[in-house]
Participant: 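Take this structure first; my questions come after.
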Amino acid sequence: MKKGYFGDFGGQFVAELLIPPLRELEHALKTIVPSPEFQAEFTALLKDYVGRKSPLTLCPSLSKELGFNLWLKREDLNHTGSHKINNTLGQALLTKYMGKPALLTETGAGMNGVATATAARALDLDCIVFMGATDVARQSHNVRRMQLLGAEIVPVQNGTKTLKDAINEALRYWIAEQRTHHYCFGTAAGPHPFPTLVREFQAVVGREAREQMLEKTGELPYAVVACVGGGSNAIGAFHAFVPDAGVRLIGVEAAGTGEKGCFNSAPLNLGSPGVLHGQMTMLLQDDDGQILPSHSVAAGLDYPGVGPEHAHLHASGRATYGTVNDAQALNAFMRLTRAEGIMPALESSHAVAWVLENRDQIPRGANVIVNLSGRGDKDMDIIEESLGSLLGQQGSKG
Amino acid sequence: MTTSSQTSRLTDRICAANKAGRKALIPFLPGGFPDRESFWTHLAALDAGGADIIEVGVPFSDPCADGPVVEKASIQALEMGTTLKWLLEGLRERAGQYQAELVLMGYLNPFLQYGFEKLADDAVAAGVSGFIIPDLPLDEDAPYRAILQGRGMSLVPLVGLNTDLERMQAYAAVSTGYVYVVSVLGTTGARESFPAELADALARARKAFDLPIALGFGIKEPAQLAVFGDTIDAVIFGSALITHVREKGSVDAFMARWA
Ligand SMILES: Cc1ncc(COP(=O)(O)O)c(C=O)c1O
């Protein structure tokens, strides 16, 4: 297979000026990451700083209602509140080993921004974060966290003012500052070697979940379900299970409002192959190859592309990808919050919602793992706005 | 020095300007900018004003190797309804009208969605001599280069301050047309000065390539060129021209400065 490809997808479609830092990173991935020193330091950070391993929690009340066992892989319990920290600490540590003093990154929901700013503090690096102006407004809580952590935040006013444009701006900045900055790419997408590098650091999620499931039930799960934005929490959850042919791998894309022709964030289901942000992958685009705006109530899923390994798993059929709309995700948020006392991020709510919406497909007594990629506090404003009336009705009943 | 077997109209055109004792002039203008009608007027004026080669931009929604001036112009052109199809049809209708050689410069995705072979056929019919695709580096370009070069067109390589000699030689082994040397470690946009390492990069390019060297990114005015002497053969200007057009300056006046 061609270097940096997953089947027909992936590659390195970047400006020539970015080839040297990508080569440097490929080399680091091959030589530094597998070294015992790096692995020992990374594992220690995950344990003592992030709080791994994260629990695998059975949802007693929803399981009873559904007739099968719903398990949550609790990435929401990680330090900073999502899976993003697994990757940012890995890349920040690698940055140290590469001898660069600073990180740059992009963020949509702000979770990757917070996780990168945090890793920068933990490992004494400078940090600059590019964030679409729309996301700055709708994820203001995370903006304030990043500011407290001492990161410089650059609101991006171009294009759709969301994650896609933040990545454009970060790539531009990286061209100019490549000698001092490592681009801590926030998801398993972008030019090679990022999809592989990010998977490497997120794979701990699936490795732990697989072991925990075997320990608790003595068998492999019926299915592993995860939401897909760029695809890092999903590829992290899936990776250890890929060789287990009997385990269904189910990615969940955001369908937006769900109306026909609406803006969505479901390129695997509704897009076509193309090149954006350094990768050949599935994209939302028009007939002229212009990238379409995306939409999701979950800022972290609001991206018109997807990591190339998911495009490949989709094409090969090893994983399947469903969709969930904004309303279904909000509903799942409330269900999990009220039934189990666990408040999921709106991104993760999409994965929970897929299970609730597709319960008929799942056999009685099966074990289903949902990767609960993050916690919901960051989404309070959106949730209160969207569910205001609902909260009013349900408030007293609890 | 590596010799490319195929000589191209682009190479010939730059060499002819150099023989006449001047640097070849290569303006860049996004297709459909500032609007679809004025674009054709400006293109004709660039041609009449002495351009040797004109790089016509194919607008893309996400031009991530470009600075704010080119990005804004591209978005404006898209909002004006510019498409690759419209551009190729317009060029085909005018084929043979221009003295200058034409090069299409754009990101890969719109080219892919058009269908790359059809694109190459239609580009030939439109009188296009080459392509510049900033997000298509050597490692990915083989199938596309073969399609273009098979029809006598060039895929112009971009190299920069951080491109080492070996990499330049790898480009030289397969390239025709000219070499686009990017003057800064950065995106497009007019700049006041050039980094000290540029002289080294130009020397490496001279050693690696048997093709003319065109310097681009950050070039604003002729006075900036004096220091380069004969280390460059051609000069590319984009953002400065776009800004000039935006400020309602005439293209004739802009080109007159360089004559
Ligand atoms: C909690 C959470 N889950 C999921 C995502 C989506 O990213 P990915 O698909 O890379 O996991 C995000 C992105 O911000 C997030 O914050």
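In this text, all values refer to a predicted model and were calculated from it rather than measured experimentally. Below, chains carry the letters A, B, ... as their sequence lines are ordered, and counting in each starts from 1.
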Participant: Look at A:Ile167, A:Asp288, A:Leu292, A:Leu283 and state which one has the largest set of heavy-atom pairs under 4.5 Å with chain B.
Facilitator: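 Greatest number of close heavy-atom pairs with chain B: A:Asp288.
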Participant: Do you know the tightest heavy-atom contact between B:Gly186 and A:Leu17?
Facilitator: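 Looking at all heavy atoms of both residues, the closest pair is O-CD1, 3.8 Å.
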Participant: Could you tell me which portion of B:Asp66 (side chain, backbone, both or neither) has an atom closer than 4.5 angstrom to a non-hydrogen atom of chain A?
Facilitator: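 Contact with chain A involves the backbone of B:Asp66 alone.
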Participant: Looking at A:Arg23 and B:Glu166, is there a salt bridge between them, counting it only when a charged N and a carboxylate O are closer than 4.0 Å?
Facilitator: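 So B:Glu166 does not pair with A:Arg23 through a salt bridge.
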Participant: Relative to chain A, which segment of B:Tyr171 carries a heavy atom at a distance below 4.5 Å: side chain, backbone, both, or neither?
Facilitator: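 The side chain, not the backbone.
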Participant: Under 4.5 Å from any heavy atom of chain B, what part of A:Asp287 do you find: side chain, backbone, both or neither?
Facilitator: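 For A:Asp287, the backbone is the part near chain B, not the side chain.
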Participant: Test side chain to side chain donor-acceptor pair (under 3.5 Å) on A:Asn158 and B:Glu71; report intermediate values, then the result.
Facilitator: CA-CA 9 Å; A:Asn158 311 341; B:Glu71 182 183 25; 2.9 Å; yes
Participant: Where does A:Pro191 contact chain B at under 4.5 Å (heavy atoms): side chain, backbone, both or neither?
Facilitator: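 Interface part for A:Pro191: neither.
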Participant: Does any backbone or side-chain atom of B:Pro63 lie under 4.5 Å from a heavy atom of chain A? Answer side chain, backbone, both or neither.
Facilitator: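 The answer is both parts of B:Pro63.
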Participant: For each of A:Ile19, A:Leu276, A:Asp165, tally heavy-atom pairs with chain B at distances under 4.5 Å, and name the one with the top tally.
Facilitator: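 Looking at each option in turn, the highest pair count goes to A:Ile19.
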Participant: Measure distances from B:Ile75 to the heavy atoms of chain A and classify the residue's part below 4.5 Å as side chain, backbone, both or neither.
Facilitator: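 It is neither, since no heavy atom gets under 4.5 Å.
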Participant: Quick one: are A:Glu16 and B:Pro157 in side-chain contact, heavy atoms under 4.5 Å?
Facilitator: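 Contact flag for A:Glu16/B:Pro157 side chains = no.
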Participant: Which residue, B:Asp139, B:Asn109, B:Leu136, B:Asp141, forms the side-chain contact (heavy atoms from CB on, under 4.5 Å) with A:Phe13?
Facilitator: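 For A:Phe13, the side-chain contact (heavy atoms from CB on, under 4.5 Å) test succeeds with only one of B:Asp139, B:Asn109, B:Leu136, B:Asp141, which is B:Leu136.
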Participant: Is the count of non-hydrogen atoms from other residues, nucleotides or ligands lying under 6.0 Å from B:Lys72 atom NZ greater than 12?
Facilitator: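 Counting other residues, nucleotides and ligands, NZ of B:Lys72 stays at 12 neighbours or fewer.
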Participant: Check whether B:Leu78 gets within reach of chain A through its side chain, its backbone, both or neither, counting any heavy atom under 4.5 Å.
Facilitator: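 B:Leu78 touches chain A through side-chain heavy atoms alone.
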Participant: Could you measure the distance from the CZ atom of A:Arg179 to the CG atom of B:Leu161? Nearest 0.5 Å is fine.
Facilitator: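 If I round to the nearest 0.5 Å, the distance is 6.5 Å.
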Participant: Would you kindly say whether A:Gln178 and B:Asn162 are connected by a side-chain donor-acceptor distance under 3.5 Å?
Facilitator: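 Yes.
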Participant: Answer with side chain, backbone, both or neither: which region of B:Tyr114 has an atom nearer than 4.5 Å to a non-hydrogen atom of chain A?
Facilitator: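 Looking at B:Tyr114, nothing touches chain A.
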Participant: Which value, rounded to the nearest 0.5 Å, describes the distance between A:Gln285 atom CD and B:Leu112 atom CG?
Facilitator: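 Reported to 0.5 Å precision, the distance equals 8.5 Å.
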Participant: Grab the two heavy atoms, one from B:Pro110 and one from A:Gln290, that are nearest each other, plus how far apart they are.
Facilitator: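 Looking at all heavy atoms of both residues, the closest pair is CG-NE2, 4.2 Å.
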Participant: Considering only NZ, NE, NH1 and NH2 on the basic side and carboxylate oxygens on the acidic side, decide whether A:Lys164 and B:Asp62 come within less than 4.0 Å.
Facilitator: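 Salt bridge present between A:Lys164 and B:Asp62.
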Participant: So that I can tick it off, tell me whether A:Lys3 and B:Glu140 are bridged by a salt bridge, with the cut-off set at under 4.0 angstrom between side-chain N and carboxylate O.
Facilitator: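 Salt bridge between B:Glu140 and A:Lys3, a charged N being under 4.0 Å from a carboxylate O: no.
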Participant: In Å and rounded to the nearest 0.5 Å, what is the CD1 to OH distance from A:Ile291 to B:Tyr107?
Facilitator: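 Separation between the atoms: 12.5 Å.
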